[in-house]
S.K.: 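Here it is, the structure, as structure tokens.
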Amino acid sequence: PEMVVSSTELNLLIQNVVLAHQETCRYRQDNLQVLRWETYSQEEVQSFQQKSMDQMWERCVCHVTEAIQYIVEFAKRLSGFMELNPNDQIVLLKAGVMEVLLIRMSRAFNGYNSTVFFEGKYAPLEIFQSLGCSDLIVSMFDLCHSLCALNLSEHEIAFISSMILLDPGRPWLQDKQKVEVLHKKQEYAFRYLLRTSHRESILSKLPQKGRLLNICHMHMEKLNVFRQMYPGIACESFPPLYKELFI
Ligand SMILES: CNC(=O)[C@@H]1CCCN1C(=O)c1ccc(Cl)c(COc2cccc3c(C(F)(F)F)cc(C)nc23)c1Cl
């Protein structure tokens, strides 16, 4: 039977998702906008390129790991998420957190000069040269480009992120039906939001599922290797839910 969602429940749900997003974004959209023409000079780019591979990986691992914490916090604020059984919470986060990280990265990407906000200024792709994983960085920049072209609003990014996380199709879910109900409500609210803002057209243009995920997964292994090499990256200070995810 088609699920019935009252308009009040719909509005409460939209508010919950949008607030959860706003409160757990490391950088506010307006600050990122203001800084978007603050780019690194050629000399600054070169000094990054002279850093050793492990030094650059350590810095990036730190940033990525911290960003993941914000996404874990986002998930915990989504209504219904904390009511799921703990195993399913971990399953959803493990599978979705990297995709949400990439959606969020596109907010800090300047499509006009292909730079991304990194350590205070906007950086070109070359700055990540010493990481030795240009395939990952190139594909992340490409994804950011295609997301930028959609000119997504914060509301749309919030819903895309929540629907990535609350995906009933993830393998190993114990209570799939429960996630299905949450996902259907999110989908309903998102479609309502798109209808009222005449933005239904973006649905067909969103990147197909897991397009980049496999590359990031490949690099997640590297990420874990580097994290093992640098155990000191404040891992002990992470909340238990996080420890489950990445340690
Ligand atoms: C707007 N900024 C951001 O989104 C990120 C997260 C928060 C801070 N931040 C950056 O500073 C940043 C911005 C752009 C890029 Cl390209 C990078 C470098 O990104 C990565 C380098 C190494 C591994 C990365 C891996 C993996 F899975 F392989 F570990 C995965 C992701 C997704 N990003 C990696 C970083 Cl670390």
Side-chain angles (χ1 to χ4, degrees), residues 21 24-40 44-45 48-49 51-75 93-111 113-148 152 154 157-158 160-161 164-165 207 210-230 233-235 238 242 245-247:
H21 173 73
T24 61
C25 268
R26 176 90 170 62
Y27 311 103
R28 285 168 42 90
Q29 183 71 356
D30 44 358
N31 300 346
L32 289 168
Q33 286 301 333
V34 160
L35 286 166
R36 71 198 262 116
W37 302 104
E38 280 290 312
T39 52
Y40 283 109
E44 288 172 312
V45 171
F48 274 108
Q49 291 172 327
K51 293 186 188 313
S52 65
M53 178 184 270
D54 44 12
Q55 203 187 19
M56 202 55 186
W57 261 91
E58 186 183 355
R59 286 166 82 138
C60 291
V61 164
C62 255
H63 300 321
V64 169
T65 309
E66 188 190 8
I68 287 171
Q69 272 187 281
Y70 281 85
I71 295 166
V72 171
E73 195 46 46
F74 169 66
L93 278 167
K94 233 177 164 54
V97 78
M98 201 47 83
E99 270 184 281
V100 173
L101 185 56
L102 293 173
I103 300 291
R104 285 188 168 200
M105 193 181 279
S106 70
R107 293 167 76 245
F109 188 80
N110 183 340
N113 57 12
S114 292
T115 55
V116 67
F117 188 72
F118 176 72
E119 296 189 356
K121 284 187 185 175
Y122 275 76
L125 190 131
E126 299 78 48
I127 219 163
F128 300 103
Q129 190 175 300
S130 56
L131 285 171
C133 58
S134 60
D135 53 342
L136 164 75
I137 306 297
V138 164
S139 39
M140 287 196 312
F141 271 58
D142 289 349
L143 181 76
C144 286
H145 257 293
S146 44
L147 286 167
C148 269
L152 297 171
E154 286 296 281
I157 291 178
I160 292 167
S161 306
I164 283 174
L165 286 171
R211 164 180 151 188
L212 216 87
L213 204 65
N214 50 344
I215 297 184
C216 271
H217 271 166
M218 196 170 72
H219 285 81
M220 266 319 263
E221 270 74 66
K222 259 199 211 168
L223 183 102
N224 287 325
V225 163
F226 273 84
R227 261 219 350 274
Q228 250 95 49
M229 284 165 81
Y230 305 100
I233 301 182
C235 292
F238 285 121
Y242 177 84
L245 277 185
F246 292 98
I247 292 161

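When a ligand or atom number is given, it counts from 1 through the structure's own listing order. Only a predicted model underlies this, so the values are computations on that prediction, with no experimental measurement involved.
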S.K.: Classify the contact between M98 and ligand 1 as side chain, backbone, both or neither, using a heavy-atom distance cut-off of under 4.0 Å.
M.R.: side chain
S.K.: Going through the distances and angles, do C60 and L131 end up as a side chain to side chain contact (heavy atoms under 4.5 Å, CB included)?
M.R.: CA-CA 9 Å; C60 291; L131 285 171; 4.0 Å; yes
S.K.: What is the nearest protein non-hydrogen atom to atom 1 (C) of ligand 1, stated with its residue, atom name and distance?
M.R.: A108 CB, 3.3 Å
S.K.: Run the numbers for me: atoms of ligand 1, each under 4.0 Å from some heavy atom of F117, listed by number.
M.R.: 1 (C), 2 (N), 13 (C)
S.K.: For atom 17 (C) of ligand 1, which of F128, F109, Y27, Y70 has the closest heavy atom?
M.R.: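 Result: the heavy atom closest to atom 17 (C) of ligand 1 is in F128.
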S.K.: Which bit of L136 is near ligand 1, meaning a heavy atom under 4.0 Å away: side chain, backbone, both or neither?
M.R.: side chain
S.K.: Among Q49, M53, K51, exactly one meets side chain to side chain contact (heavy atoms under 4.5 Å, CB included) together with Q129. Which residue is that?
M.R.: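 Of the listed options, the one satisfying the test is Q49.
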S.K.: For atom 34 (C) of ligand 1, what is the closest protein heavy atom, and at what distance to 0.1 Å?
M.R.: V64 CG2, 3.6 Å
S.K.: Under a 4.0 angstrom heavy-atom cut-off, which atoms of ligand 1 come close to L131?
M.R.: 21 (C)
S.K.: In the protein, what heavy atom is nearest to atom 6 (C) of ligand 1, and what distance, to one decimal place, separates them?
M.R.: A67 CB, 3.6 Å
S.K.: Report the nearest protein non-hydrogen atom to atom 22 (C) of ligand 1: residue, atom name, distance rounded to 0.1 Å.
M.R.: C60 CB, 3.9 Å
S.K.: Carefully, step by step, assess V34 and D30 under the rule side chain to side chain contact (heavy atoms under 4.5 Å, CB included).
M.R.: CA-CA 6 Å; V34 160; D30 44 358; 5.5 Å; no
S.K.: Please confirm whether the backbone N or O of F118 pairs with a side-chain atom of Y40, one donor and one acceptor, at under 3.5 Å?
M.R.: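 Between the backbone of F118 and the side chain of Y40 there is a qualifying donor-acceptor contact (under 3.5 Å).
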S.K.: What protein heavy atom sits nearest atom 31 (C) of ligand 1, and how far off is it?
M.R.: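 Residue, atom and distance for the closest contact: M140 SD, 3.6 Å.
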S.K.: Would R104 count as a cation-pi partner of F74, with NZ or CZ less than 6.0 Å from the six-membered ring centre and within 45° of the ring normal?
M.R.: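 Verdict for F74: a cation-pi partner in R104.
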S.K.: Among protein heavy atoms, which sits nearest to atom 8 (C) of ligand 1, and what does the distance come to when rounded to 0.1 Å?
M.R.: H63 CB, 3.7 Å
S.K.: For atom 35 (C) of ligand 1, find the nearest protein heavy atom and state the residue, atom name and distance (0.1 Å precision).
M.R.: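 That would be F118 CD1, 3.9 Å.
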S.K.: Regarding atom 3 (C) of ligand 1: of the candidates R26, R59, M105, which has the closest heavy atom?
M.R.: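 Closest candidate by heavy-atom distance is M105.
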S.K.: For V116, counting its heavy atoms only, list the atoms of ligand 1 lying under 4.0 Å from any of them.
M.R.: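 Those atoms are 14 (C).
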S.K.: Kindly determine whether L93 and L165 satisfy side chain to side chain contact (heavy atoms under 4.5 Å, CB included), including the steps that lead there.
M.R.: CA-CA 6 Å; L93 278 167; L165 286 171; 4.2 Å; yes
S.K.: Counting C-beta onward and ignoring hydrogens, is there a side-chain heavy-atom pair between S106 and L143 closer than 4.5 Å?
M.R.: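 Side-chain contact under 4.5 Å: no.
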S.K.: Is there side-chain contact between V116 and C144, with heavy atoms separated by less than 4.5 Å?
M.R.: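 Side chain of V116 against side chain of C144, heavy atoms only: no contact under 4.5 Å found.
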S.K.: Not counting sequence neighbours, list each pair that qualifies as a side-chain hydrogen bond (donor to acceptor under 3.5 Å, both in side chains) and has a residue in residues 117-126.
M.R.: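 Sorted result for residues 117-126: E44-K121, R59-E119, H63-E119.
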S.K.: Listed by chain and number, what are the side chain to side chain donor-acceptor pair (under 3.5 Å) partners of S114, not counting sequence neighbours?
M.R.: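 If we apply the side chain to side chain donor-acceptor pair (under 3.5 Å) test to S114, skipping adjacent residues, the hits are H145.
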S.K.: So which heavy atom in the protein is nearest atom 26 (C) of ligand 1, and how far is it from that ligand atom?
M.R.: H219 CB, 3.9 Å
